[in-house]
Number of protein chains: 2
Amino acid sequence: MVTGSPSPVAMFAALADDTRWAVLETLAQGDGAAGRTASSLAEALPVTRQAVAKHLAVLEAAGLVESWTAGRERRYRALGAELTALGRRLERIGDAWEARLGRLADIAERLEG
Amino acid sequence: MVTGSPSPVAMFAALADDTRWAVLETLAQGDGAAGRTASSLAEALPVTRQAVAKHLAVLEAAGLVESWTAGRERRYRALGAELTALGRRLERIGDAWEARLGRLADIAERLEG
DNA sequence: CGGACGTGCAATGAATTGGTTGCACATCAA
DNA sequence: TTGATGTGCAACCAATTCATTGCACGTCCG
């Protein structure tokens, strides 16, 4: 069953932890296409394999990571496109807030005048 | 004392809560320049004034909200520009991950060919 | 087959979080 | 001055989170 795209809030929660960022960045550094296992990641990080596995589960639930089975091991890769999409979303919201504040209007006026 | 710009992780933590988003959006809806008080926000939300005050403190520590004193009350306003900057940061990281994966190279090649 | 390796699940524990109530202090207005 | 209003701080509680250890199950290889 394909779970609908996760809520932004769930994504932010997934990104609100230093260890999780370390997992993500370690994951993104390697050869993405091949993927990496939780055990392999744990060797490069200061936490246990089980902790990494939990973080990967959170990240996958948030839609920021993808996983597949390869024999007796499970491989993961980072989904940069999802991060990019989330970033764009934030940008638009922030711009809307500033626009409402009337600042953009002032700037436009200044540019015209 | 001006605290250095808060860490992105702290910002994500601040954005990882539904009530906090409700606070932020209610704050951004009104006349931003005038600001709104915690009490005023609490009237429009299903939590107590103290809960709203705590959320505002978290948001301010994360650099997403600004506050100032006006007589006997404290007024807050949302800082959309900070949100926009955070969004851009996310975009760039996501793009870098995808680039490392070699997909952008493939796409470029396809566009050239 | 049988051992080694990789994974997943459950239980546990310390720390953090989101929310509440209660109270004390400051400020504006009648 | 006195009362009403708005804040801020502290104590407390339930729920969640991050990380650990221990164990059972599946899969590859000699």
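No experiment lies behind these values; they were computed from the predicted model shown. So you know, we letter chains A, B, ... as the sequences are listed, proteins then strands, and number each from 1.
- Of the side-chain N and O atoms in A:T19, none sit less than 4.0 angstrom from OP1 or OP2 of D:dC18.
- A heavy-atom distance below 4.5 Å is found between the side chains of B:W68 and B:R77.
- Taking side-chain N and O atoms only, B:R74 has no distance below 4.0 Å to OP1 or OP2 of D:dG6.
- Between the CZ atom of B:R72 and the C1' atom of C:dA24 there is a distance of 16 Å, given to the nearest Å.
- Between B:R49 and D:dT7 there is no side-chain N or O to OP1 or OP2 distance below 4.0 Å.
- In terms of modelled atom types and a separation under 3.5 Å, the side chain of B:W21 and the main chain of B:L15 share a donor-acceptor contact.
- B:V23 is not listed as a side-chain neighbour of B:V65, based on a closest heavy-atom distance of 4.5 Å or more.
- Remark: the B:Q50 side chain and the C:dG22 base include a donor-acceptor N/O pair separated by less than 3.5 Å.
- Counting to the nearest Å, the P atom of C:dG6 and the OH atom of A:Y76 are 14 Å from each other.
- Distance CZ (A:F12) to P (C:dT17): 18 Å, rounded to an integer number of Å.
- You'll find the side chain of B:W97 stays beyond 4.5 Å of the side chain of A:L27, heavy atoms only.
- One can place NZ of B:K54 at 15 Å from P of C:dG22, the figure rounded to the nearest angstrom.
- An OP1 or OP2 oxygen of D:dT21 is reached within less than 4.0 angstrom by no side-chain nitrogen or oxygen of A:T48.
- B:H55 places its NE2 atom 17 Å from the C1' atom of D:dG8, with the value rounded to the nearest Å.
- Computed from coordinates, the A:E73 CD to C:dG8 P distance equals 11 Å when rounded to whole Å.
- Taking atom CG on A:L56 and atom C1' on C:dG6, their separation rounds to 14 Å, with Å as the unit.
- At D:dC18, one or more side-chain N or O atoms of A:R20 fall inside 4.0 Å of OP1 or OP2 (strictly under the cut-off).
- Rounded to whole angstrom, the span from the CZ atom of A:R75 across to the P atom of C:dT7 amounts to 9 Å.
- Counting heavy atoms from C-beta outward, B:L56 and B:L41 have side chains that approach closer than 4.5 Å.
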